[in-house]
Amino acid sequence: MMHVPDKWDMGSRELIHQFINQYGFATVVSNDLEGSHLPLLLVTSEGENGTLYGHFARSNSHWKHIENTKVLCIFNGPHSYISPTWYDSHPAVPTWNYSVVHAKGIIELTDDATTARVLESTIQQYEPSLLEGDGFIADDYQQKLAKGIVGFKIVIDELQGKQKLGQHRNQSDQQGVAQGLSLSNRADEKQLLAYMMKNNIGLGNK
């Protein structure tokens, strides 16, 4: 289990599902500690916690020994170093703020028809225009691609979300962090601030 103090718990299943849909590129870790980095699609209507679908490259041997075993899927959101100089309170130490979701479940390989639908759904989510009209990707080429992948699904039985965004600190400290992030030109710090603003967390405005 991931360590998630109550003060950093993401909260509802709905919020965690929204996070997965936004940050769908996951690390899939099996019980032998082998990991693969894959885009996963969430179907919220399947199972109590939802079901994840994805595919391996057939040349990736990871799929050959994990069927019907439990896997961990890690979805990382924005994260960044936080300078202690941004806090109003002292003494203070550096830290790292981040957002992350862990999903666990038994992995099952899918048949060819399901795998083809997963591949199409992946394109539909990220660039649906490729499937419009005659399609940018010809049917015969899609069939050729399908032979090079192995599809799978994971019915989620454990789901955790964590947002360590400094929301436990006092108002002036939160405002100092938001100010520090806003003055940065680094992409990770800008992305973290955008996430905080979108979710209204750790900004010191409450």
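None of these values were measured; they are calculated from a predicted model.
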_Give me the atom names and distance for the closest heavy-atom approach of Ile16 to Gln160._
CD1-C, 4.0 Å
*Residues that Glu127 engages under salt bridge (Lys or Arg N to Asp or Glu O under 4.0 Å), provided they are two or more places apart*: none
_If we ignore hydrogens and angles and just use 3.5 Å, is the side chain of Trp96 paired with the main-chain N or O of Ile82 as donor and acceptor?_
no
*Mind checking what makes ring-ring contact (aromatic ring centres under 6.0 Å, His included) contact with His62, not counting sequence neighbours?*
Phe56, His65
_Applying side-chain hydrogen bond (donor to acceptor under 3.5 Å, both in side chains), can you list everything that pairs with Lys162, at least two apart in sequence or on another chain?_
Tyr98
_Modelled atom types, side-chain donor and acceptor of Gln22 and Lys198, under 3.5 Å_ = yes
*Is a side-chain donor or acceptor of Ser30 paired with a backbone partner of Val71 at a separation under 3.5 angstrom?*
no
_Residues forming a ring-ring contact (aromatic ring centres under 6.0 Å, His included) with Tyr23, sequence neighbours excluded_ = Phe19
*Look only at the side chain of Glu46 and the backbone of Leu42, and say whether a donor-acceptor pair between them is shorter than 3.5 Å.*
no
*Taking atom types as modelled, find out whether Asp112 and Thr115 have a side-chain donor-acceptor pair closer than 3.5 angstrom.*
no
_When you group the ILVMFWY residues by side-chain heavy-atom contacts below 4.5 Å and let the links chain together, are Ile20 and Leu38 in the same group?_
yes
*Are the side chain of Gln167 and the backbone N or O of Leu165 linked by a donor-acceptor pair below 3.5 Å?*
yes
*Has the side chain of Ser99 got a donor or acceptor atom that lies under 3.5 Å from a matching backbone atom of Gln163?*
no
*Looking at residues at least two apart in the chain, or sitting in another chain, which of them share a salt bridge (Lys or Arg N to Asp or Glu O under 4.0 Å) with Arg13?*
Glu48
_Glu158: side-chain hydrogen bond (donor to acceptor under 3.5 Å, both in side chains) partners, not counting sequence neighbours_ = Lys70
*Could you state whether Val28 and Leu109 fall into the same hydrophobic cluster, counting links through intermediate Ile, Leu, Val, Met, Phe, Trp or Tyr residues with side-chain heavy atoms under 4.5 angstrom apart?*
yes
*For Lys164 and Thr95, test the side chains for any donor-to-acceptor distance below 3.5 angstrom and give the result as yes or no.*
yes
*Can you name the side-chain hydrogen bond (donor to acceptor under 3.5 Å, both in side chains) partners of Ser59, sequence neighbours left out?*
none
*Set of side chain to side chain contact (heavy atoms under 4.5 Å, CB included) partners for Asp173, sequence neighbours left out*: Tyr87, Asp88, Ser89, Arg169, Asn170
*Which heavy atom of Phe75 sits nearest a heavy atom of Ala26, and at what distance?*
CE2-CB, 3.5 Å
*Check which hydrophobic residues are tied to Leu41 through side-chain heavy-atom contacts below 4.5 Å, counting indirect links as well, and list them.*
Tyr126
*Residues forming a ring-ring contact (aromatic ring centres under 6.0 Å, His included) with Trp8, sequence neighbours excluded*: His168
_Using the side-chain hydrogen bond (donor to acceptor under 3.5 Å, both in side chains) criterion, which residues pair with Glu108? Sequence neighbours excluded._
none
_I need the minimum non-hydrogen distance between Gly161 and Val4, along with the two atoms involved._
O-CG1, 3.8 Å
*What's in the same ILVMFWY side-chain cluster as Ile106, cut-off under 4.5 Å, chained through other members?*
none
*Looking at His79 and Asp188, what are the two nearest heavy atoms and their distance?*
O-CB, 3.5 Å
*asked:* With a 4.5 Å cut-off on side-chain heavy atoms, are Lys190 and Leu181 touching?
replied: no
